[in-house]
Amino acid sequence: MNNYMFFSIAIYFLSYLFYINISHGLSRKAEYLQLRRFLPCAILAVLPWSLASLSLLSSQFLISFIIGIMWIITYPIFYYITYHKNSFDFGFHLDIVFGLYIISWLTSLKIIVQYFNIIPDTFMLLISILEFAISLILILQWIYFYIFKTCINENALSALLQTDCNESIEFYKSLPKLIQYFLPILLLIFIYTIIKLNSPFKIQFANNYYLYLIIAIAAFLTIYLWKPNSRSVFSRTGIINLLIDIRYYLAETLTYTQNLQQRLKDLQVVPSHPSYNNPSTIIMVIGESESRDYMSAFSNYDKNTTPWLKKQKENNNFLLFSNAYSCHHQTVPTLERALTEANQYNNKKFYESCSIIDIARKAGYITYWYSNQGNLGGTSTAVTLIAETADTAKWTKQNLNKVQYDETLIDYLKEVNQAKNNFIVLHLMGNHFNFLNRYPKNFTKWSTPDKYDLIANYINSIAYTDHVLENIWKYGKEHLNMQAMIYFSDHATIPDKRRSSNFDGFATVRIPLFVYLSDEYISKYPITYNTLKNNVKKYFTNDLIYELICGIFNIKSNHYDEANSLASAKYKYTKDMLRTDLGNKSITDDKNS
């Protein structure tokens, strides 16, 4: 019995010392509270094995023990490494509680199964699979930290929940070869090892009351650890609590569709019909991961990556904005703001905000949304919710492992009714990793076809995007009486650096933005044109795209703040007022701007 007692005491003190050293900003009360709380946890971790008089060195106990200890240290230590320099108020006592209790719960189940000898092989297999599932949550965090050198955060989990199958496959292919090739094998070996080590064992109790106590422990911990609500210990551990918060946020965004009719009822737009001489079209194109640093039309890049757009700089109908930034470095957080009146500078919620589709419809346009981004994910993203409110919303056919190039979207433009006033959104796959998959082989300019070469592949994809934009522009002019075309990228990227869920510098948010206006538009709205022309050097973040579009529509609305619009003389923002990373970084800190 002494061995069990000493082991419990050792677990207790080590757990407490770990908690004190891995936490920040704890009050004395919190420290003393955990001093008391961890004691029964440590006792309970060892008690079932002690009551059954089983060796603490047995493989069945050691598996459960290692899983519990790994749960105790994994999320807290990664969080500490990532945030201890800029966050001084955190602690993860429930990770320790869960880790200690999960040892007790798993070992109790093993003892009960073996004692009653009811198909023990099957039940031990199920326990082994459960241990593997718990371990997998930990393994994925270690892999993430190995790759990105940071704790998994809300951006990473949100992206994971909102990604589609093709993007998941491409992300997996982008991982280090060691992980790609050996991870599946190692996981299979791992689960096989757990199953083998959880081999049946014999149990005899000196006192049957010990068995009843173990059954009571298992029943209590089943409820305490896993009860299906937000108060269970499992749901309040660091990584699971973060996941629940993200899922709650995503569920909250789904109310966007439910609130649609009320938003439209309250929305006022004047005029309610375009006043061009003939039915006309406005096209907005959303790019993906395109950086103006690599675009010859916006920078002094040594290769002419954007020949068409660079040529158009001499065309008075084109206005290129050289100081545009993204409000975030990931697609969904960016576009849920760019496409709605919610932005970094107000307190409006996405699901309560009007969108550019709402505005366009009220302004008398038939609305279209054509996307080459995947729509196969299990979660509806904010972008998808907005898209599906359009009169017509279509996604290119997405086949797993099959590339669909952006030029495909031009075929969709042929469906648009030329006898109507139209507002069209085209969402490109653009320059999203894997860059090699973003352009046809015959469009290779600065690398060998099919050769994996990050920067060369990236600038090839930029040149192809330039080609796609040219063809969209030509089709709009020739067939749709296009009055305006707006292009911006959701965010930028650093092509030779692995993307991180954390802000990774201003190179990830320096984006292109240009506006084309027809001769008829310029003649009809000279003030808007001259205002935009005067603002081409002004700083801008793309969460204000909504207001830019409203300005180009030349409307007045109770859901349009002209002071946020580059197309308005009232535009109020200066460089020192603008921010990125959802308000956490100032544009003034960009030394290359």
Side-chain angles (χ1 to χ4, degrees), residues 159 162-164 166-167 170-171 174 283-299 301 305-309 320-321 324-335 338-339 369-375 381 383-384 387 394-396 398 402-413 424-440 443-446 454-473 485-496 499 507-514 516 542 545:
Q162 297 179 102
T163 195
D164 63 78
N166 273 333
E167 195 168 343
E170 288 194 343
F171 174 76
S174 75
I283 296 177
M284 185 178 79
V285 185
I286 305 172
E288 169 70 56
S289 304
E290 186 160 35
S291 167
R292 56 180 159 88
D293 294 348
Y294 290 85
M295 300 174 68
S296 54
F298 286 94
S299 68
Y301 195 65
T305 54
T306 52
W308 170 73
L309 187 57
L320 277 66
F321 297 83
Y325 287 80
S326 174
C327 63
H328 196 261
H329 56 280
Q330 289 182 329
T331 299
V332 174
T334 296
L335 293 186
L339 302 175
W369 187 292
Y370 296 126
S371 176
N372 195 29
Q373 297 262 345
N375 191 26
T381 69
V383 183
T384 305
K394 292 185 178 181
W395 284 259
T396 57
Q398 297 286 324
K402 183 178 180 181
V403 175
Q404 190 79 33
Y405 300 116
D406 284 332
E407 275 182 292
T408 305
L409 292 173
I410 297 172
D411 292 331
Y412 285 78
L413 290 178
I424 305 170
V425 179
L426 300 174
H427 194 180
L428 308 182
M429 185 60 81
N431 315 102
H432 192 290
F433 187 87
N434 184 353
F435 315 126
L436 188 61
N437 292 341
R438 300 297 161 242
Y439 55 91
F443 217 89
T444 305
K445 293 191 175 186
W446 293 288
L454 286 172
I455 292 181
N457 298 155
Y458 184 64
I459 61 177
N460 283 336
S461 73
I462 287 178
Y464 177 67
T465 297
D466 186 68
H467 168 73
V468 171
L469 290 171
E470 178 183 11
N471 285 330
I472 293 170
W473 174 73
M485 176 174 163
I486 303 94
Y487 172 76
F488 71 98
S489 184
D490 56 355
H491 55 79
T493 195
I494 305 172
D496 56 345
R499 283 183 63 184
T508 64
V509 291
R510 289 194 289 265
I511 61 167
L513 168 66
F514 76 76
Y516 160 80
N542 65 358
I545 285 290

Evaluate the side-chain proximity of [Y] to [X]: yes if any heavy-atom separation is below 4.5 Å, no if none is.
{"X": "Val383", "Y": "Gln373", "result": "no"}
{"X": "Thr384", "Y": "Trp395", "result": "yes"}
{"X": "Phe488", "Y": "Ser326", "result": "no"}
{"X": "Ile459", "Y": "Lys445", "result": "no"}
{"X": "Leu409", "Y": "Ile472", "result": "no"}

Heavy-atom donor-acceptor pair, [X] side chain to [Y] backbone, under 3.5 Å:
{"X": "Arg292", "Y": "Ala324", "result": "yes"}
{"X": "Thr305", "Y": "Ala463", "result": "no"}
{"X": "Asn372", "Y": "Thr396", "result": "no"}
{"X": "Asp466", "Y": "Trp308", "result": "yes"}
{"X": "Asp406", "Y": "Met429", "result": "yes"}

Does the side chain of His491 pick up a donor-acceptor pair with the side chain of Glu288 at under 3.5 Å?
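His491 vs Glu288: donor-acceptor pair found between side chains.
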
Is it true that the side chains of Thr334 and Asp490 contain a donor and an acceptor less than 3.5 Å apart?
no

Taking all non-hydrogen atoms of both residues, which atom of [X] and which atom of [Y] are closest, and how far apart?
{"X": "Phe435", "Y": "Pro495", "value": "CE1-O, 3.5 Å"}
{"X": "Ala338", "Y": "Asn542", "value": "CB-O, 3.0 Å"}
{"X": "Asn431", "Y": "Tyr458", "value": "CB-CE1, 3.7 Å"}
{"X": "Ala507", "Y": "Ser291", "value": "O-OG, 4.3 Å"}
{"X": "Thr493", "Y": "Ser289", "value": "CG2-O, 3.5 Å"}
{"X": "Tyr405", "Y": "Asn437", "value": "CE2-O, 3.4 Å"}

Working to the nearest 0.5 Å, report the span between [atom1] of [X] and [atom2] of [Y].
{"X": "His432", "Y": "Ser489", "atom1": "NE2", "atom2": "OG", "value": "10.5 Å"}
{"X": "Leu454", "Y": "Ile494", "atom1": "CG", "atom2": "CD1", "value": "12.0 Å"}
{"X": "Leu335", "Y": "Gln330", "atom1": "CG", "atom2": "CD", "value": "11.5 Å"}
{"X": "Leu339", "Y": "Ile286", "atom1": "CG", "atom2": "CD1", "value": "5.0 Å"}
{"X": "Arg438", "Y": "Asn460", "atom1": "CZ", "atom2": "CG", "value": "13.5 Å"}
{"X": "Leu428", "Y": "Glu290", "atom1": "CG", "atom2": "CD", "value": "8.5 Å"}

All side-chain contact (heavy atoms from CB on, under 4.5 Å) counterparts of [X], not counting sequence neighbours:
{"X": "Asn471", "value": "Glu407, Ile410, His467, Lys474"}
{"X": "Leu436", "value": "Asn434, Tyr439, Asn457"}
{"X": "Ser299", "value": "Tyr301"}

Partner of Tyr487 by ring pair (Phe, Tyr, Trp, His ring centres under 6.0 Å), out of Phe514, Phe298, Phe321:
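With Tyr487 as partner, Phe514, Phe298, Phe321 yield a single ring pair (Phe, Tyr, Trp, His ring centres under 6.0 Å), made by Phe514.
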
Using the side-chain contact (heavy atoms from CB on, under 4.5 Å) rule, take Ile424 and Val285 through it: C-alpha gap first, then chi angles, then the decisive distance, then the call.
CA-CA 8 Å; Ile424 305 170; Val285 185; over 6 Å; no

Quick one: sort the Tyr412 and Tyr370 rings into parallel, tilted or perpendicular, breaks at 30° and 60°.
tilted

